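The structure appears right after this line, and notes come after that.
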Amino acid sequence: MMLKKSAFVAIIGRPSVGKSTLLNRMCGEKVAIVSAVPQTTRNAIRGIVNRKDGQLVFIDTPGRHVSEKKFNKKLMEVSSRALEESDLVLYVLDACRAAGPEEEQTAALLSPLAEKTVAAVNKMDLPSADFNRAKEFVCARAPEIRKIISVSAGTGLGVEELIEALFQIAPEGEALYNEEYYTDQETGFRIAEIIREQAINRLRQELPHSLYVQIADMEFHESLLWVRAFIIVERESQKGMVVGKGGEMIKAIRLAALKELKRIFDWKIDLDLRVKTGKDWKHNDNTLRKIIEKKF
Ligand SMILES: Nc1nc2c(ncn2[C@@H]2O[C@H](COP(=O)(O)OP(=O)(O)OP(=O)(O)O)[C@@H](O)[C@H]2O)c(=O)[nH]1
Ligand SMILES: [Mg+2]
């Protein structure tokens with residue numbers, strides 16, 4: 001009898017390479033939110049994949065980005081901690097972008113871990129994708145890497161091959177989670193994230209980076225979940241943009257979030273959504289601890 005395998009796998013890469021999209025594709029469910037805006041992911045988000053070989057627990061992380069800003073430093077701590085806690089690494093690159101200084105830094109960070117790393121060159125569905133360019137880069141910077149696979153998180157191309165390659169190097173072990181689960185996130189966190197996703201996708205300029213979502217209250221009444229949530233912005237002047245003319249923007253965010261939540265949860269959800277200012281929340285240690293360092 002073949003022994004089952006199990007491993008924690010940290011998903012690491014630059015912002016916007018498609019780490020969260022890939023996680024969702026591998027899990028077959030929406031585990032992490034996705035947007036075209038870099039630095040969408042702010043937490044270590046676990047997604048569970050079960051196959052006949054065993055179980056892989058992926059940890060999605062904030063994209064590696066170099067900046068001295070306090071907020072960004074916290075995000076990089078999340079990514080580094082996930083790396084420390086993992087057995088294996090999934091290094092994600094964007095096939096459409098040539099490697100710049102940020103990619104060099106990511107590769108340098110992962111190079112010592114190459115023997116437990118598989119690289120995925122993502123977005124191969126796009127016409128400008130260049131697999132060989134990415135492959136040559138990875139081979140030069142991390143020659144010990146176990147495998148480099150061309151994938152599209154968008155279409156699913158190469159994704160099963162990627163999972164197989166990770167199982168090949170995974171240690172033997174018992175499943176870490178019950179096979180019915182595909183994530184271990186709390187309900188409130190997932191709801192907050194879906195609201196944030198729908199807000200990010202509708203707002204412009206610096207607003208996506210300036211907001212977070214707080215669940216103020218949650219109550220179950222039979223099969224109905226009642227939720228009161230706040231979109232919290234950094235400055236008073238930003239509130240109006242989130243509310244929109246005649247409340248149109250907040251209404252659109254609320255409806256889009258409800259539609260998305262309906263796909264995820266079985267219960268009916270009633271959402272009371274408001275906007276509030278959390279002055280300079282990005283510089284407040286307590287707030288940052290609450291929204292970034294919390295483990296899910
Ligand atoms: N065409 C195409 N687009 C993709 C693919 N994977 C991701 N995207 C798009 O790339 C953008 C970024 O995707 P995310 O999954 O949020 O990227 P991420 O690496 O998690 O980004 P951060 O969380 O900000 O680090 C989104 O607009 C996705 O729809 C892919 O395989 N093909
Ligand atoms: Mg992400």
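The shown structure was predicted, so the numbers you read here are calculated from the model rather than taken from an experiment. Each ligand, and each atom within it, is numbered from 1 in the order the structure gives.
By the 3.5 Å distance cut-off applied to N or O atoms, Met124 is not counted among the residues near ligand 1. In terms of polar-atom proximity, Leu126 is not counted as a contact of ligand 1, lacking any N or O under 3.5 Å from an N or O of the ligand. The shortest N or O to N or O distance between Asp60 and ligand 1 is not below 3.5 Å. Checking only distances, Thr61 never comes within under 3.5 Å of ligand 1, N or O to N or O. At under 3.5 Å, not a single nitrogen or oxygen of Val34, backbone or side chain, sits near a nitrogen or oxygen of ligand 1.
Between the choices Arg14, Arg64, Glu197, Lys19, the shortest heavy-atom distance to atom 19 (O) of ligand 1 belongs to Lys19. Between Ile12, Thr21, Leu23, Val159, it is Thr21 that holds the heavy atom closest to atom 14 (P) of ligand 1.
Residue Gly63 has at least one heavy-atom neighbour below 4.0 Å for each of these atoms of ligand 1: 25 (O). Atoms of ligand 1 found under 4.0 Å from any heavy atom of Ala36, numbered from 1 in the order shown, are 27 (O). Taking every non-hydrogen atom of Gln39 and a distance limit under 4.0 Å, the qualifying atoms of ligand 1 come out as 24 (O). In the vicinity of Ala153, heavy-atom distances shorter than 4.0 Å reach the ligand 1 atoms 6 (N), 31 (O).
The Mg ion (ligand 2) has an N, O or S atom of Thr41 inside 2.8 Å of it. Distance check for Ser20 against the Mg ion (ligand 2): an N/O/S atom falls below 2.8 Å.
The part of Asp125 lying near ligand 1 is the side chain, judged by heavy-atom distances below 4.0 Å. Proximity of Ser35 to ligand 1, defined as any heavy-atom pair under 4.0 Å, is confined to the backbone N, CA, C and O atoms. Only the side chain of Asn122 comes within contact range of ligand 1, with a heavy atom under 4.0 Å; no backbone atom does. Under 4.0 angstrom from ligand 1, the non-hydrogen atoms of Val17 come from both its backbone and its side chain.
The existence of a salt bridge linking Asp217 and Arg228 is excluded, since no basic side-chain nitrogen approaches an acidic carboxylate oxygen closer than 4.0 Å.
Using a non-hydrogen distance threshold of 4.0 Å, Pro38 registers as a contact of ligand 1.
Of the possible polar contacts, none joining the Ser111 side chain to the Ala107 backbone as a donor-acceptor pair under 3.5 Å is found. In this structure, the side chain of Lys259 does not engage the main chain of Arg254 through any donor-acceptor pair within 3.5 Å.
Heavy-atom neighbours of Lys135 NZ from other residues, nucleotides or ligands within 6.0 Å: at or below the threshold of 12.
Looking at heavy atoms from C-beta onward, Val57 lies out of side-chain contact with Asp184 at the 4.5 angstrom threshold. Taking 4.5 Å as the limit, every side-chain heavy atom of Val92 sits out of range of all side-chain heavy atoms of Ile12.
Residues Arg42 and Tyr212 have side chains that never bring a donor and an acceptor to within less than 3.5 angstrom of each other.
Across Thr117 and Leu113, no two heavy atoms sit closer than the pair OG1-O, 2.8 Å.
When ring centroids are compared, Phe220 and Trp226 stay outside the 6.0 Å threshold.
Lys276 forms a cation-pi arrangement with Phe230, by the criterion of a distance under 6.0 Å to the ring centre and an angle within 45° of the ring axis.
For the side-chain contact (heavy atoms from CB on, under 4.5 Å) test with Val34, the passing option among Thr41, Asn24, Thr40 is Asn24; the others fail.
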